[in-house]
Amino acid sequence: MAALHGLNDETMKRCIFCNLDCSGVRRAKEHIIPDHLQRKYGLPKERLSNAHSKIVSGDFSGGHISKLPAERELTYSGFLAGRVCKVCNNGWMSELEKEVIPLIYQLIDGEMGLDQIKQKERESLARWSFKTTAALSSSTNAPQNFVSESHSKEFYSSGGVTIPENVGVFAATSDEANFLWSFSPTWQVRTDSDIPKELLQFMQRKSYKVFLQLGHLMLAVCWWPINTITYTLESWAGTELSGLKNLDINNEDCRKYFDKENESFLMAIGAQV
């Protein structure tokens, strides 16, 4: 297994959640896009590309929506989480998959709005989103802006029940159905204090905003590395699922600056520092 994120060989053999050895026969064949979704939507043989697009600041975004030539190509059925053990995959992760069925199908198909789901369903969808983006983060070679392993282990330590503090899970529905993912380095950051530019850049590099679009459902799992942050969300851009207390809804609208609704959704999630 090729090393990712600068990790050593011993770390690469351990499950991102429970930290047990997941080499050889202990490794699960955990699909990043779950197998039941692939079968339902005819994805197993569809091809996707893993590439990273570089932006002016020198930071990166990842995913098969990027425009640079692909670093490697594979099918959905071949896109596996390399660092998930069988115990996790066949235990709490499997139970979490069952929790979101059939809700997630209805959201993907656009048959249900996010305003129709119950509180318990919101919580299950938030936990599923975090689990899925954590597995995705461990299986790509994006150099930054991925879910941190400390957060993955913290989530596991709670029994897969509690999303790490200050992590936001945002959801919206899209008129255009698609299946794609991205690691976004881009935030709208507002600050009233005299914070040095270098410190803001450091925090931005440590942050993550991992995006999934499954049919009509758009999800973004986000974290900014200070506890005093207030997340901001444009009112048109869906809802926050994990119960963030530090969230400000505003009436701004960035859609006029973007051609794609998923790009607008990502930019609609910002930070007040």
Side-chain angles (χ1 to χ4, degrees), residues 1-48 50 62-64 72-105 108 120-121 123-142 146-164 167 169 179 181 183 208 210 212 214 219 221 242:
M1 188 190 305
L4 300 176
H5 309 158
L7 301 175
N8 60 43
D9 290 342
E10 182 59 32
T11 302
M12 289 294 295
K13 295 177 183 178
R14 297 198 169 274
C15 178
I16 59 167
F17 294 109
C18 69
N19 206 41
L20 292 178
D21 185 355
C22 64
S23 60
V25 296
R26 300 180 184 87
R27 177 189 172 194
K29 293 184 178 179
E30 161 72 1
H31 292 91
I32 303 299
I33 304 301
D35 188 51
H36 65 94
L37 292 180
Q38 293 189 41
R39 293 195 307 270
K40 181 172 176 62
Y41 296 102
L43 297 175
K45 300 302 180 184
E46 291 290 322
R47 300 198 68 80
L48 59 86
N50 177 24
H64 68 287
R72 60 187 175 117
E73 293 189 353
L74 63 164
T75 61
Y76 279 88
S77 62
F79 191 26
L80 304 176
R83 296 183 55 211
V84 174
C85 72
K86 286 183 177 179
V87 175
C88 285
N89 187 53
N90 297 332
W92 66 273
M93 294 174 72
S94 177
E95 292 302 313
L96 187 49
E97 290 294 336
K98 294 174 185 176
E99 276 188 40
V100 298
I101 299 172
L103 169 68
I104 199 165
Y105 297 155
I108 289 171
K120 186 175 180 180
E121 293 172 325
E123 293 169 359
S124 294
L125 183 59
R127 292 187 289 115
W128 181 89
S129 301
F130 182 84
K131 179 271 298 180
T132 302
T133 54
L136 170 63
S137 294
S138 74
S139 304
T140 67
N141 57 352
F146 46 81
V147 175
S148 70
E149 286 205 23
S150 62
H151 282 177
S152 299
K153 289 177 171 57
E154 184 179 339
F155 183 60
Y156 169 79
S157 296
S158 75
V161 172
T162 305
I163 292 171
V167 172
V169 182
F179 288 85
W181 55 267
F183 297 98
Y208 58 77
V210 184
L212 281 174
L214 303 169
L219 298 163
V221 177
S242 64

**Study point:** Separation of Ile108 CD1 from Leu214 CG (nearest 0.5 Å)
**Key:** 5.0 Å

Point to revise | Stepwise side chain to side chain contact (heavy atoms under 4.5 Å, CB included) test for Met93 and Cys88 | key: CA-CA 6 Å; Met93 294 174 72; Cys88 285; 3.9 Å; yes

**Study point:** Salt bridge Glu99-Arg127, side-chain N to carboxylate O under 4.0 Å
**Key:** yes

Practice item. Using a 4.5 Å cut-off on heavy atoms from C-beta on, say whether the side chain of Ser138 contacts that of Ser152. Key: no

Revision key, fill the gap. Distance col, row Ser124:OG vs Leu103:CG, nearest 0.5 angstrom, shows 8.0 Å

Exercise for review: Please examine the side chains of Asn89 and Ser94, heavy atoms only from C-beta on, and report whether any two atoms are closer than 4.5 Å.
Suggested key: no

Check your understanding: With a 4.5 Å heavy-atom cut-off, do Arg83 and Glu149 have their side chains touching?
Key -> yes

Point to revise | Phe130 and Val147, any side-chain heavy atoms less than 4.5 Å apart | key: yes

Study note, to complete from the structure: Correct closest heavy-atom pair for Pro44 and Gly42 would be CD-C, 3.4 Å

Study note, to complete from the structure: Interatomic distance, NZ@Lys153 vs CG@Asn19, rounded to 0.5 Å, equals 4.5 Å

Revision key, fill the gap. Minimal heavy-atom distance between Phe155 and Thr162, with the atoms involved, is CD1-O, 3.3 Å

Point to revise | Rounded distance [0.5 Å steps], CG in Leu37 versus NE2 in His31 | key: 11.5 Å

Point to revise | Separation of Cys22 SG from Arg14 CZ (nearest 0.5 Å) | key: 9.0 Å

Point to revise | side chain to side chain contact (heavy atoms under 4.5 Å, CB included) involving Thr132 - partner list, sequence neighbours excluded | key: Trp128, Leu212

Exercise for review: Please name all residues satisfying salt bridge (charged side-chain N to carboxylate O under 4.0 Å, His left out) with Glu97, sequence neighbours left out, ordered by chain then number.
Suggested key: Lys131

Exercise for review: Only counting residues at least two apart or in another chain, list the ones meeting side chain to side chain donor-acceptor pair (under 3.5 Å) with Glu123.
Suggested key: Gln119

Check your understanding: Looking at CD of Glu46 and OH of Tyr76, how far apart are the two atoms once the value is rounded to the nearest 0.5 Å?
Key -> 7.5 Å

Revision key, fill the gap. For Asp21 and Cys85 the tightest heavy-atom approach is O-CB, 4.5 Å

Point to revise | With sequence neighbours excluded, residues passing ring pair (Phe, Tyr, Trp, His ring centres under 6.0 Å) with Tyr208 | key: His151, Trp223

Check your understanding: For Ile101, which residues count as a side chain to side chain contact (heavy atoms under 4.5 Å, CB included) partner, sequence neighbours excluded?
Key -> His36, Tyr105

Point to revise | Full working for ring-ring contact (aromatic ring centres under 6.0 Å, His included) between Phe179 and Trp181 | key: CA-CA 7 Å; Phe179 288 85; Trp181 55 267; over 10 Å; no

Review point. What residues form a side chain to side chain donor-acceptor pair (under 3.5 Å) with Lys40, not counting sequence neighbours?
Key: none

**Study point:** side chain to side chain donor-acceptor pair (under 3.5 Å) involving Asp35 - partner list, sequence neighbours excluded
**Key:** Arg39

Practice item. Check ring pair (Phe, Tyr, Trp, His ring centres under 6.0 Å) between Phe17 and all other residues, then give those that pass, not counting sequence neighbours. Key: Trp92

Revision key, fill the gap. Those residues at least two apart in sequence (or on a different chain) that pass side chain to side chain donor-acceptor pair (under 3.5 Å) with Ser242 are Glu240

Study note, to complete from the structure: Correct closest heavy-atom pair for Ser129 and Leu219 would be OG-CD1, 3.4 Å

Review point. Lys98: what forms a salt bridge (charged side-chain N to carboxylate O under 4.0 Å, His left out) with it, not counting sequence neighbours?
Key: Glu95

